[in-house]
Amino acid sequence: MTNCMKNKDLLKEKGIIMWSDDKIEAFQKTLLDWYDANKRDLPWRRTSNPYYIWISEIMLQQTQVDTVIPYYERFIDTLPEISDLAAASEDTLLKLWEGLGYYSRVRNMKVAAGQIMADHNGIFPEDYDAIKSLKGIGPYTAGAVSSIAFNRPHPAVDGNVMRVLSRLFEIELDIGKASSRKVFEEMIHLLIDRERPGDFNQALMDLGATICTPKNYKPETSPVKDFNASYLNETWARYPIKQGKKKVREENYVVLAVPTDEGEYLFQKRASEGVLSGMWTFLMIPTEVINEDGWKSFGGSADSLTDTQAELLVDYIKNEYGLIIACDNNLKGTYTHIFSHLKWHMSIYEAVVIGETETGHSLHAIHPDDFPDTAFPVPTQKVWEMVNTITLF
DNA sequence: CATGCGTGGCG
DNA sequence: TCGCCAAGCAT
């Protein structure tokens, strides 16, 4: 059985009728003509260097184009060769990635650069399976790099492509489910322009980003509206099918800004797994530590710590970090940081160290002069802004 | 396969 | 204001 027949069987099973060869050809021409006239001028579209295209694709994961551009420029300036990435320190990489989020992406890139140095003589591999086996590269990114950098006809199915296809074909599949991606990939296998696969994939993504958008969608403005079943049938508002997200978990912390005699501040490095892994924060103490009844310091009457709460805090810091502190009971400010799946409610206080019960604890003192060379996640930056403002006045 | 993983923009 | 959204991947 040919691959083509397998494709059609899978689509048939999902109730998807593929277009005729003539219609596919007409669609390719219409889409690529639109792309040639309207494609966005983006930095990574001025290069054919697979390393640079790879960087752009990783940065663009779940991240908007306007956010990525300055990060991309700085990254290729700082690490112009794959060997530079392989040799870079984690501190250097995290500083380059600071504020971009999903920090495991850049850690994975360093691992992948090592794979390329060790297994491919430092040359970015052209083979799809070799690309896909690199750390941090999944089916989307492997398809994007192989089609854009090497002109290979592999699908690159992201959220844009699933939305565009859902509307073109009135697809009933939930685009949030992992199993759906395979079906869209089979459709692209049949639809993709074999002469210009990279441009075809990028054209679909540009269409999704600029015309076939999640909100404010106006199907009559699309260059491929004549191919759009949901437009012709006036069902477009239904697509794509997507289930709602679950509510985010909320956590409450006492955050302690602790200056030293030398004008440094104490920071803790987060665990190597989990949220903001390996990054620096001020001391963060779950509020449960100072009140087992779920006391919250924000939005209520308990703006300042009671003496009992301060004592519990001092005991905790002594046991956990081996430090004796004196805590200012007055609340310095609050800040809520919203992650994709989590909320941190932070109540900020100041404390000073007045003794130590042991040395070699897990905290590090960093001077504000060195902040520009240290990678801080946004919650740490926001807390620092508040602490710095209060300290100045 | 569902969940965890950042951040900023938008209506 | 706040929930949703943006060129996904590892586990």
Side-chain angles (χ1 to χ4, degrees), chain A residues 39-40 42-45 53-72 94 97-109 111-112 131-145 147-149 155-164 174-182 184-185 188 198 200-210 212-217 240 242-251 270-279 281 299 336-344 375-382:
Chain A
K39 69 178 172 186
R40 291 173 290 174
L42 303 172
W44 44 89
R45 287 184 175 165
I53 292 168
W54 169 42
I55 294 168
S56 74
E57 289 300 339
I58 299 297
M59 287 185 170
L60 285 162
Q61 289 171 6
Q62 303 292 283
T63 310
Q64 301 195 346
V65 165
D66 290 343
T67 303
V68 164
I69 289 173
Y71 284 90
Y72 169 84
L94 286 175
W97 215 264
E98 179 186 61
L100 202 50
Y102 288 149
Y103 298 97
S104 64
R105 289 184 292 180
V106 73
R107 292 193 172 103
N108 289 339
M109 284 188 77
V111 174
I131 296 172
K132 172 83 166 54
S133 70
L134 297 173
K135 186 80 168 176
I137 295 193
Y140 163 76
T141 305
V145 174
S147 65
I148 296 169
V157 173
D158 69 340
N160 286 313
V161 172
M162 288 193 284
R163 183 171 60 255
V164 169
D174 183 341
I175 65 169
K177 301 197 75 164
S179 58
S180 300
R181 202 201 68 247
K182 282 182 175 294
F184 290 106
E185 285 179 346
I188 296 296
F200 180 87
N201 283 335
Q202 292 185 91
L204 279 182
M205 288 189 275
D206 262 24
L207 185 67
T210 61
C212 189
T213 47
K215 286 174 286 188
N216 301 324
Y217 172 46
K242 194 174 185 182
Q243 273 202 334
K245 286 180 184 175
K246 290 174 184 174
K247 232 179 138 181
V248 301
R249 183 171 79 254
E250 306 201 19
E251 296 173 353
R270 292 186 57 80
S272 59
E273 309 222 324
V275 67
L276 300 179
S277 57
M279 305 199 75
T281 65
T336 296
H337 189 77
I338 303 170
F339 298 86
S340 52
H341 60 298
L342 178 67
K343 266 189 198 180
W344 279 357
F376 292 119
V378 169
T380 302
Q381 295 176 27
K382 298 289 190 184

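Owing to the predicted nature of the structure, the values given are computational and were not obtained by experimental measurement.
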* Looking across every strand, which nucleic acid part, if any, lies under 4.0 Å from W44(A) by heavy atom: base, sugar-phosphate, or nothing? -> base

* **Rounded distance in Å - CG (D158(A)) to P (dC5(C))** => 15 Å

* Structure fact -> Rounding to 0.5 Å, atoms CE (M205(A)) and CD1 (I148(A)) come to a distance of 5.0 Å

* Rounded P spacing from dC2(C) to dC5(B) in Å -> 23 Å

* Examine dG4(B): is either OP1 or OP2 under 4.0 Å from a nitrogen or oxygen in the side chain of H341(A)? Give yes or no. => no

* With a 4.0 Å cut-off on heavy atoms, is I58(A) in touch with a base, just the backbone sugar-phosphate, or nothing at all? -> nothing

* Asked: For R163(A) and dG8(C), what is the distance between atoms CZ and P respectively, to the nearest whole Å?
  -> 10 Å

* Tell me what T67(A) touches on the nucleic acid: a base, only sugar-phosphate, or nothing, going by heavy atoms under 4.0 Å. => nothing

* Nearest nucleotide by nearest heavy atom, which residue falls closer to the 5' end of DNA chain C, R181(A) or K247(A)? -> K247(A)

* Could you give the distance separating dT1(C) and dG6(B) at their P atoms, to the nearest angstrom? => 26 Å

* To do: Could you work out which one of dT7(B), dG3(C), dG4(B) sits closest to the side chain of R249(A)?
  => dG4(B)

* Which part of the nucleic acid, if any, lies within contact of I53(A), taking any heavy atom under 4.0 Å across all strands shown: a base, the sugar-phosphate backbone alone, or nothing? -> nothing

* To do: State, with a plain yes or no, whether a side-chain heavy atom of E250(A) is found less than 4.5 Å away from one of T336(A).
  => no

* To do: Mind calculating the distance between CD1 (I338(A)) and P (dC10(B)) to the nearest angstrom?
  => 16 Å

* Got Y72(A) and L60(A) here, is their nearest side-chain heavy-atom distance under 4.5 Å? -> no

* Atom-pair distance (CE on M59(A); C1' on dG8(B)), nearest Å -> 16 Å

* To do: Whole angstrom is fine here: how far is it from OH in Y217(A) over to P in dC10(B)?
  => 22 Å

* Asked: Would you say the side chain of L134(A) lies within less than 4.5 Å of the side chain of T141(A), judging by non-hydrogen atoms?
  -> no

* Asked: So, T380(A) and R270(A): side-chain donor and acceptor under 3.5 Å apart, yes or no?
  -> no

* Asked: Would T210(A) and R40(A) count as having a side-chain donor-acceptor pair, cut-off 3.5 Å?
  -> no

* **K215(A) NZ - dC4(C) P separation (whole Å)** => 10 Å

* May I have the distance from K245(A) (atom NZ) to dA2(B) (atom P), rounded to whole angstrom? => 15 Å

* Tell me what V161(A) touches on the nucleic acid: a base, only sugar-phosphate, or nothing, going by heavy atoms under 4.0 Å. => nothing

* **Integer-rounded Å distance: dG8(C) P and I175(A) CD1** => 11 Å

* To do: Taking only the side-chain heavy atoms of Y102(A) (C-beta and beyond), determine which of dG6(B), dG8(B), dC10(B) contains the nearest atom.
  => dG6(B)

* Asked: Considering only side-chain heavy atoms of R105(A), which listed nucleotide, dC5(C), dG6(B), dC9(C), is closest?
  -> dG6(B)

* Structure fact -> Of the listed dG6(B), dT11(C), dG4(B), the closest approach to the K135(A) side chain comes from dT11(C)

* Quick one: label S56(A) by what it contacts on the DNA or RNA (base, sugar-phosphate, nothing), any heavy atom closer than 4.0 Å. => nothing

* To do: Kindly indicate whether the side chain of T63(A) and the base of dG8(B) share any N or O donor-acceptor pair separated by less than 3.5 Å?
  => no

* What about S340(A): does its side chain form a donor-acceptor pair under 3.5 Å with the base of dG6(B)? -> yes

* Is it true that the side chains of Y140(A) and E57(A) contain a donor and an acceptor less than 3.5 Å apart? -> yes

* **Position toward the 5' end of DNA chain B (nearest nucleotide), S179(A) or G101(A)** => S179(A)

* Indicate, with a heavy-atom threshold strictly under 4.0 Å, whether R45(A) touches base, sugar-phosphate, or nothing. => base

* Given that K177(A) and L342(A) both sit by DNA chain B, which one's nearest nucleotide is further toward the 5' end? -> K177(A)

* Consider the side chain of V378(A), meaning its heavy atoms from C-beta on, and name the nucleotide among dG8(C), dA2(B), dT7(B) that approaches it most closely. => dT7(B)

* To do: Would you tell me if any nitrogen or oxygen in the side chain of Q62(A) comes within less than 4.0 Å of OP1 or OP2 on dG8(C)?
  => yes

* Asked: When we call it a touch if two heavy atoms are under 4.0 Å apart, what does G208(A) touch: a base, just sugar-phosphate, or nothing?
  -> nothing

* Structure fact -> Winner on side-chain proximity to K343(A), out of dG3(C), dG8(C), dT7(B), is dG3(C)

